[in-house]
Each structure stands twice: as C-alpha cells, then as structure tokens.
There are 2 protein chains.
Amino acid sequence: MSDLLERLRERGWRMTSQRRVVAEVLDGDHVHLTADEVHARAAQRLPEISRATVYNALGELVSLGEVKEVSTDGRAKRYDPNAHRPHQHLVCSACGTVRDVHPTGNPLADLPPDQRFGFTISEAEVTYRGLCPSCV
Amino acid sequence: MSDLLERLRERGWRMTSQRRVVAEVLDGDHVHLTADEVHARAAQRLPEISRATVYNALGELVSLGEVKEVSTDGRAKRYDPNAHRPHQHLVCSACGTVRDVHPTGNPLADLPPDQRFGFTISEAEVTYRGLCPSCV
DNA sequence: ATCCTACGATGGACAGAGTCCAAGTCAAGA
DNA sequence: TCTTGACTTGGACTCTGTCCATCGTAGGAT
Ligand SMILES: [Mn+2]
Ligand SMILES: [Mn+2]
Ligand SMILES: [Zn+2]
Ligand SMILES: [Zn+2]
C-alpha cells in the first residue's frame, strides 16, 4: 500500500507540499496517529504547516476512503491508513497503544434479526481492551 | 434495577440532593444520555445544580460500576445505567440514537491466541452502525 | 515560459466537551 | 446542636476540532 501518493494523484487530488507530507506521514507503517501527532511529524519536514491544513487533509483522505477514523476512547480521534483491509482494534487500557487485529468470524452474524430493530446495519466495529505486554 | 439509590446508600455514598437527582435521572428509562443531557434533566428538578457536580457524580457512578461510559463517536460520551447486564450497542449513523443489543456468541472467542499479541484482554466492545428505521 | 484563477493554506477566533480549583456549604456522626 | 471532612459551585482553563477571511499557488490555458 505504499503508492498512496500515486493513487491520490490519479484520483485528481491536487497535490500541494502540505498534502504530500501529510500523506507521507500516514503512508507506510500501520500506525494510528492523532491529528496533532500527524501535524507534529509533518511539521518536521514542513515547519510552517498549520493544524487546520492537517485537519483538512485528513478529512479529505477519510472521504476518499484512503484513511479511516478510529475513536477508541473519548479522546482525540486516530487516523488509520490501513483502510483497505478490514480489521479490528486491540487497545491497551493503560498506555493507549492501538494494534490491528483480524478476528475470525463476522460479528454481524452474531446479531439475529430480532436484535436489529429495523436498522439497516452497515458495519460492526469491535474494540478489544486490555493490558499490553509492557503494561501488565 | 430501580433501587439504584438504595444500593448507593448501602455502599456509603454520601447522599446529597444533587447526587440524588443525577441518580434519579439515570434510573429512569432514558438511557445513553450525554453529561449535558443529564445536567439539563437534573436542572429541571434542581435548577442550580452545576455541570461540575454532574461530571463528578457521573464519574463516581462509573467508578462504582453502576454506570458505564459509552463513546460511540468522537462526540460527547454517553452514560449508560444498564451496567449490570452485558450488552452491545446499535448506533444510527444519521441521528445518533443508541440502542442496547444482545448478540449471540462471545466476541472474545473470535480472537485467536496468535492475534492477542501478549495482551491480557478484559473485554470486547462491539458497535453496530447503520440507519435506524426513521432515518432509512 | 508566463498568466490566470479556482482551489488550497494560513492563523486566529470560536465552539464543544471536559477538568481543575479556591471558596463556600452541608450531611451525618458525635 | 456542633463539628468537620466531604461535597458543590462558577469560572477559568485545557484539549480537540471547526470556521472564516485573506493570502498563496498548482496546474491548465495560452
Ligand atoms: Mn487499524
Ligand atoms: Mn447500553
Ligand atoms: Zn500498554
Ligand atoms: Zn436515525
């Protein structure tokens, strides 16, 4: 998935230096950075980039389906570049680390029709919580 | 579960008029309120109750295990008085309504050991998202 | 290569959600 | 009734995120 920049250009996303560094920060590892963390990393390469621009770029990447928003707690949203392979999250209750996990089975299958209350359900998000090895 | 007040008194929770109205607001059938919604309803019965007091009381009820915090999106947390029967949530993507649901099976069983990465997992939260009948 | 202009970037004000604190009040035991 | 530590209050403050007027520039047109 390292051709994020390429895909964006092909989709007609106007490429500015600011958008490039935001995309580069997200590309690569499957991290789960907050908007301010993305801003901090982007600012290492482009010191005058503004918070508003980072928020704008992240919002567009989410609209384009290239990044997913993850809100594991009531704190800052995290931005997940692993948008193409469905997965769930494992969150450390102590340090807040977020890991991708791939559970077996489909949680939607566990919700019988009489528990759907007329909703048209489009997705099921699972968050596993516990302590990571460093926080035992 | 209408003896919430009774349980709290038995557990030595100092009963003030403010705490009483907060507990009474939650004890009814209006589940999944935000802190400000709780404050608004409490203020109908006790006009001068402050936001800080509502936050304090909610935080203590959560610590006591009598109320659960639910953060379904990046917005305000909701406070769920249904803390004694394990359940999951069905959320309307349009209007934000939250309903309790009781899926079959245990989501923890869907996470094989090689997907636990050394974590000590204590719970699995499932959020089903979709459109409610009024928002089709 | 230069020009144009619509789209993007900027920073500061603003808003929503929640926390913190010093000062005042009161529940409940003695 | 008295006493006292726990509770409440309002406002200031933090954190996260949005909005907006103005300025700058990417990239198509010439
Ligand atoms: Mn992820
Ligand atoms: Mn519930
Ligand atoms: Zn940890
Ligand atoms: Zn709805």
Side-chain angles (χ1 to χ4, degrees), chain A residues 5-6 8-25 32-64 66-80 96 98, chain B residues 5-6 8-25 32-64 66-80 96 98:
Chain A
L5 274 289
E6 188 57 32
L8 291 168
R9 209 186 313 264
E10 278 166 9
R11 296 179 69 176
W13 204 51
R14 192 172 190 168
M15 193 55 65
T16 66
S17 54
Q18 293 86 351
R19 289 176 168 198
R20 191 188 332 278
V21 294
V22 169
E24 284 170 357
V25 164
H32 301 90
L33 301 175
T34 64
D36 276 339
E37 286 166 352
V38 171
H39 178 245
R41 295 190 184 205
Q44 290 172 5
R45 306 198 46 183
L46 192 65
E48 295 321 308
I49 191 172
S50 72
R51 288 175 68 249
T53 294
V54 171
Y55 274 103
N56 287 342
L58 289 173
E60 283 156 13
L61 292 173
V62 170
S63 295
L64 290 167
E66 294 287 355
V67 167
K68 276 189 133 58
E69 279 180 351
V70 179
S71 27
T72 52
D73 51 4
R75 312 280 317 215
K77 284 178 193 161
R78 294 179 173 276
Y79 291 87
D80 188 347
V98 178
Chain B
L5 274 291
E6 189 57 32
L8 291 169
R9 209 186 313 266
E10 278 167 9
R11 296 178 67 176
W13 204 51
R14 192 171 189 168
M15 193 54 66
T16 66
S17 53
Q18 293 87 351
R19 289 176 169 197
R20 189 186 335 276
V21 295
V22 169
E24 284 171 357
V25 164
H32 308 112
L33 300 175
T34 65
D36 277 338
E37 287 166 352
V38 172
H39 178 244
R41 296 189 184 208
Q44 289 173 6
R45 306 197 49 183
L46 191 65
E48 295 322 306
I49 190 171
S50 72
R51 286 176 70 251
T53 294
V54 170
Y55 274 104
N56 288 342
L58 290 173
E60 283 154 15
L61 292 173
V62 170
S63 294
L64 289 168
E66 295 287 355
V67 167
K68 276 189 132 58
E69 279 181 349
V70 179
S71 30
T72 52
D73 51 3
R75 313 281 317 218
K77 285 178 194 161
R78 295 179 172 275
Y79 291 86
D80 187 348
V98 179

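All chains are named by letter (A, B, ...) in the order of the sequence lines, taking the proteins before the strands, and each is independently numbered beginning at 1.
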Quiz item: How many Å lie between CZ on A:R51 and P on C:dG12, as a whole number?
Solution: 12 Å
Practice problem: Quick one: closest heavy-atom pair of B:K77 and B:S71, and the distance? | Solution: CG-CB, 4.2 Å
Quiz item: Taking CZ from A:R78 and C1' from D:dT16, how many angstroms apart are they, rounded to a whole number?
Solution: 13 Å
Quiz prompt | Closest to the A:Q18 side chain, choosing from C:dG18, C:dT10, C:dC7 | solution = C:dT10
Quiz item: Between atom NZ of A:K68 and atom CD of A:E66, what is the distance when rounded to the nearest 0.5 Å?
Solution: 11.0 Å
Practice problem: Name the closest nucleotide to the B:T53 side chain, picking from D:dT9, D:dT16, C:dA17. | Solution: D:dT9
Exercise. Rounded off to whole Å, could you give me the CG-to-P distance for the A:L46 and C:dG11 pair?
Key: 11 Å
Quiz item: Contact class for B:T16 (heavy atom, under 4.0 Å): base, sugar-phosphate, or nothing?
Solution: sugar-phosphate
Quiz item: Got a second to check how far B:D73's CG is from B:R78's CZ, nearest 0.5 Å?
Solution: 7.5 Å
Quiz item: Could you give the distance from CD1 (B:I49) to OG1 (B:T16), rounded to the nearest 0.5 Å?
Solution: 7.5 Å
Practice problem: Just grab all the salt bridge (charged side-chain N to carboxylate O under 4.0 Å, His left out) pairs involving residues 38-62 of chain A, residues at least two apart or on different chains. | Solution: A:R19-A:E60, A:E24-A:R45, A:D36-A:R51
Quiz prompt | Distance-minimising heavy-atom pair for A:R20 and A:L5 | solution = CG-CD1, 3.8 Å
Practice problem: Could you tell me which non-hydrogen atom of B:A57 sits nearest to which non-hydrogen atom of B:V22, and how far apart they are? | Solution: CB-CG1, 4.0 Å
Exercise. Would you classify B:A52 as touching base, sugar-phosphate or nothing, given that sugar-phosphate means primed atoms plus P, OP1 and OP2, and contacts are heavy atoms under 4.0 Å?
Key: base
Quiz item: Of A:A76 and A:M15, whose closest DNA chain D nucleotide lies nearer the 5' terminus?
Solution: A:A76
Self-check item: Integer-rounded Å distance: D:dC7 C1' and B:E48 CD
Solution: 17 Å
Quiz prompt | Check: A:V25 and A:E37 side chains under 4.5 Å, non-hydrogen atoms | solution = no
Self-check item: A:K77 or B:S17, whichever maps to the more 5' nucleotide of DNA chain D
Solution: B:S17
Quiz item: Can you find a side chain N or O atom of A:Y55 that sits less than 4.0 Å from OP1 or OP2 on D:dT18?
Solution: no
Quiz item: How close or far is atom P of C:dA9 from atom CZ of A:R20, stated in whole angstroms?
Solution: 11 Å
Exercise. Could you say whether B:W13 or B:Y79 is positioned toward the 5' end of DNA chain C, judged by the nucleotide with the nearest heavy atom to each?
Key: B:Y79
Self-check item: Terminal axes of the helix from C:dA1-D:dT30 to C:dA30-D:dT1 (five pairs each): angle between them, nearest 10 degrees
Solution: 30°
Self-check item: Where A:V98 and A:H32 come nearest, the two heavy atoms and their spacing
Solution: O-ND1, 3.4 Å
Quiz item: Which pair of non-hydrogen atoms, one from A:A42 and one from A:V21, has the smallest distance, and what is that distance?
Solution: CB-CG2, 3.9 Å
Exercise. Establish, with yes or no, whether the OP1 or OP2 oxygen of D:dG27 is under 4.0 angstrom from a side-chain nitrogen or oxygen of A:R14.
Key: no
Practice problem: Kindly state which residues belonging to residues 56-63 of chain A come within less than 4.0 angstrom of DNA chain D, counting heavy atoms of the residue only, listed by number. | Solution: none
Practice problem: For B:L33 and C:dA17, give me the distance from atom CG to atom P, rounded to whole Å. | Solution: 14 Å
Quiz item: Of the nucleotides C:dA17, D:dT9, D:dT16, which has the atom closest to the A:R75 side chain?
Solution: D:dT16
Quiz item: Given atom CG of B:D36 and atom P of C:dG16, what is their separation to the nearest angstrom?
Solution: 10 Å
Practice problem: Quickly work out the B:E69 CD to C:dT19 P distance and round it to whole Å. | Solution: 8 Å
